[in-house]
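The sequence lines fix the lettering, A, B, ..., with proteins before strands; numbering per chain opens at 1. Bear in mind the structure is a predicted one, so any value in this text is a computation, not a measurement.
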2 protein chains.
Amino acid sequence: MRFAEESRHELHCSCLNTCNDPQGHSLFYDDMKTSSKKKSLNPADWEAATLDVIAHQGVSAVAVENIAKDLGVTKGSFYWHFANRKDLIISALKSWQRDDRAVIKEKIWSIKDPQERLNAWFSLSAQPLQSHLIYATLLADRQHDYVAKLLKEVTMERLAYLQKSYQAIGYPEDQAKQQALLAYSVYVGYLHMAKTLHGKFKDTDNIESYARYVAGQLIPSGKKPAAEG
Amino acid sequence: MRFAEESRHELHCSCLNTCNDPQGHSLFYDDMKTSSKKKSLNPADWEAATLDVIAHQGVSAVAVENIAKDLGVTKGSFYWHFANRKDLIISALKSWQRDDRAVIKEKIWSIKDPQERLNAWFSLSAQPLQSHLIYATLLADRQHDYVAKLLKEVTMERLAYLQKSYQAIGYPEDQAKQQALLAYSVYVGYLHMAKTLHGKFKDTDNIESYARYVAGQLIPSGKKPAAEG
DNA sequence: AAAAGTCAATACGCATGCGTATGGAAATAT
DNA sequence: ATATTTCCATACGCATGCGTATTGACTTTT
């Protein structure tokens with residue numbers, strides 16, 4: 001057996017069923033034909049399948065034999081790619097963190113105006129991405145030390161760039177810090193709300209309406225969110 | 001064996017280690033000496049121990065043999081009180097829901113002025129009660145159908161009384177609905193934030209400061225939160 | 001005092017799921 | 001063509017944890 005040596009990590013985004021993200025996938029694949037079946041699996045495939053499980057059932061639901069079945073192979077194959085279950089989970093989560101950082105860098109920090117940037121962040125946060133689901137489940141899987149560590153890292157990073165944007169708007173440091181905490185709490189709360197009430201969300205017209213309302217409450221003045229529709 | 005027949009539910013609040021709530025406990029005990037040991041266990045004891053596990057490790061971490069050990073007995077005793085593991089979990093969660101409703105009724109709805117009532121709610125939400133921890137972990141244990149059902153119920157109830165209070169202040173129905181959703185999202189987000197960052201919370205002075213800030217942002221005008229210190 | 005009821009200990013069967021051992025087939029290298 | 005690497009299947013050992021069966025002690029009732 002050999003183990004993934006912090007290498008060979010193509011981007012992945014499986015999103016088997018419930019996660020309908022409108023991003024472009026095909027950009028990322030270079031090693032396989034986009035439409036046909038692969039002959040064999042690589043660690044990234046296992047990580048993607050693992051993230052699907054984590055997104056919908058949490059870390060403790062990750063079972064190598066089930067994931068193997070999802071991938072159409074048996075457990076025997078797994079231990080060629082990874083040392084053990086924990087290795088798989090940690091690798092998958094690191095991969096998630098990398099992808100998340102990349103998205104923020106591309107889609108948020110590319111925006112220079114801080115107000116527009118905050119609007120873009122709220123807009124991104126309201127989209128049904130698998131990435132959000134993973135974060136939401138991790139929040140309740142803190143028993144595992146490695147999850148707690150990762151979660152703290154990610155959360156601090158996110159709070160930092162929110163605070164930075166609020167300061168760029170003109171908030172003094174202390175208030176920017178609290179406002180970032182408030183905004184981020186709304187994000188986290190929204191994640192759970194959306195899952196908990198799923199159908200019932202139409203009550204308040206729809207999510208778009210609510211998202212605009214929230215942005216209006218949490219972003220001071222100036223430009224409106226890039227309205228369309 | 002015999003099973004708990006929807007009866008014999010004294011209030012409970014164990015809070016073994018991490019949950020330091022400053023509420024009065026001894027009020028609730030009537031059937032046992034407050035300081036000495038009980039001779040035998042009843043379903044409420046099992047439910048309380050179960051809620052401790054749920055609060056800190058989630059539903060899937062509930063293991064009857066471990067809980068038995070926590071209570072100083074073996075598994076053999078358990079199946080006299082409950083039919084099975086699922087029965088225990090559901091009973092425990094129902095007990096939690098009952099207690100939660102009771103607290104809201106006593107401490108929130110006893111307040112007539114809607115602004116003060118909202119302030120009281122935010123204040124209650126910021127306190128480190130076991131009840132909050134349980135709610136937070138349930139959010140990620142939605143895979144279990146009974147959890148999803150309960151969660152939806154509880155969330156809808158809470159949104160309803162928040163909306164009601166905002167309407168009592170003068171918000172039109174639609175806006176009150178969105179504002180309730182916003183306020184409740186902040187609550188849920190805060191729960192996770194507090195756990196995720198634990199130590200790091202001192203950065204923004206302390207929680208009190210943040211709680212006042214949030215209340216100031218989410219409750220329109222009028223009275224301030226009952227300031228002390 | 002005897003019988004019934006209450007709560008708990010021990011021991012067992014069984015399913016799940018992790019990790020290992022071993023062998024095999026297909027691809028790639030030499 | 002042969003050897004090596006790569007990826008996977010099968011089979012096993014082992015731990016955990018649920019649920020059951022049986023027995024026993026202690027309490028309450030009669």
Side-chain angles (χ1 to χ4, degrees), chain A residues 1-5 7-10 12 31-33 36-50 53-54 57-92 141 143-144 146, chain B residues 1-5 7-10 31-33 36-50 52-54 57-92 141 143-144 146:
Chain A
M1 43 180 99
R2 59 152 288 285
F3 305 148
E5 206 48 280
S7 58
R8 74 162 68 183
H9 285 290
E10 294 105 271
H12 61 264
D31 201 17
M32 60 177 272
K33 326 294 183 298
S36 80
K37 287 192 167 39
K38 295 179 61 176
K39 351 147 235 195
S40 66
L41 301 172
N42 57 34
D45 297 316
W46 287 89
E47 290 167 6
T50 302
V53 173
I54 292 177
Q57 287 146 274
V59 169
S60 52
V62 171
V64 305
E65 300 185 77
N66 292 340
I67 293 178
K69 195 188 293 176
D70 289 346
L71 291 173
V73 296
T74 65
K75 180 174 62 166
S77 167
F78 169 77
Y79 288 94
W80 194 89
H81 300 289
F82 297 90
N84 51 38
R85 178 176 173 271
K86 187 172 177 180
D87 182 28
L88 170 67
I89 294 173
I90 291 181
S91 296
D141 283 325
Q143 322 92 318
H144 312 284
Y146 50 91
Chain B
M1 45 179 99
R2 59 152 288 285
F3 304 149
E5 205 50 278
S7 57
R8 71 161 73 181
H9 285 290
E10 294 106 271
D31 201 17
M32 57 179 272
K33 325 295 183 298
S36 82
K37 287 189 168 40
K38 294 179 63 175
K39 355 149 232 195
S40 65
L41 301 172
N42 57 34
D45 297 316
W46 286 89
E47 291 167 5
T50 302
D52 278 334
V53 173
I54 292 177
Q57 287 147 274
V59 169
S60 52
V62 172
V64 304
E65 300 184 76
N66 291 340
I67 293 178
K69 194 188 293 177
D70 288 346
L71 291 172
V73 296
T74 64
K75 178 174 63 165
S77 166
F78 169 76
Y79 288 93
W80 195 90
H81 299 290
F82 297 92
N84 50 38
R85 177 176 174 272
K86 186 172 177 179
D87 181 28
L88 170 67
I89 294 173
I90 292 181
S91 296
D141 283 324
Q143 321 95 318
H144 312 284
Y146 50 91

State which of [options] makes the closest approach to the side chain of [X].
X: B:H81; options: C:dC18, C:dG19, C:dA8; result: C:dA8
X: B:W80; options: D:dG17, C:dC7, C:dT20; result: C:dC7
X: A:A63; options: C:dG17, D:dG19, D:dC7; result: C:dG17
X: A:L41; options: C:dA8, D:dC8, C:dG17; result: D:dC8

Take the protein atom [atom1] of [X] and the nucleotide atom [atom2] of [N], then report the distance between them rounded to whole Å.
X: A:I67; N: D:dC8; atom1: CD1; atom2: C1'; value: 17 Å
X: B:Y79; N: C:dC7; atom1: OH; atom2: C1'; value: 16 Å
X: B:K69; N: C:dA8; atom1: NZ; atom2: P; value: 17 Å
X: A:D45; N: D:dT6; atom1: CG; atom2: C1'; value: 15 Å

Please find the pair of heavy atoms, one from A:E47 and one from A:L88, that lie closest to each other, and give the distance. N-CD1, 4.4 Å
Tell me the closest heavy-atom pair linking A:H81 and A:L41, and the distance in Å. CE1-O, 3.2 Å
Could you list the protein-to-nucleotides 9-15 of chain C atom pairs, N/O on both sides, closer than 3.5 Å?
from: C:dA9; atom 1: OP2; to: B:T74; atom 2: N; distance (Å): 2.4
from: C:dA9; atom 1: OP2; to: B:T74; atom 2: OG1; distance (Å): 2.8

Distance-only, no hydrogens or angles: does the A:D45 side chain make a donor-acceptor pair with backbone N or O of A:N42 under 3.5 Å? yes
Distance col, row A:D141:CG vs B:Q57:CD, nearest 0.5 angstrom, shows 11.5 Å
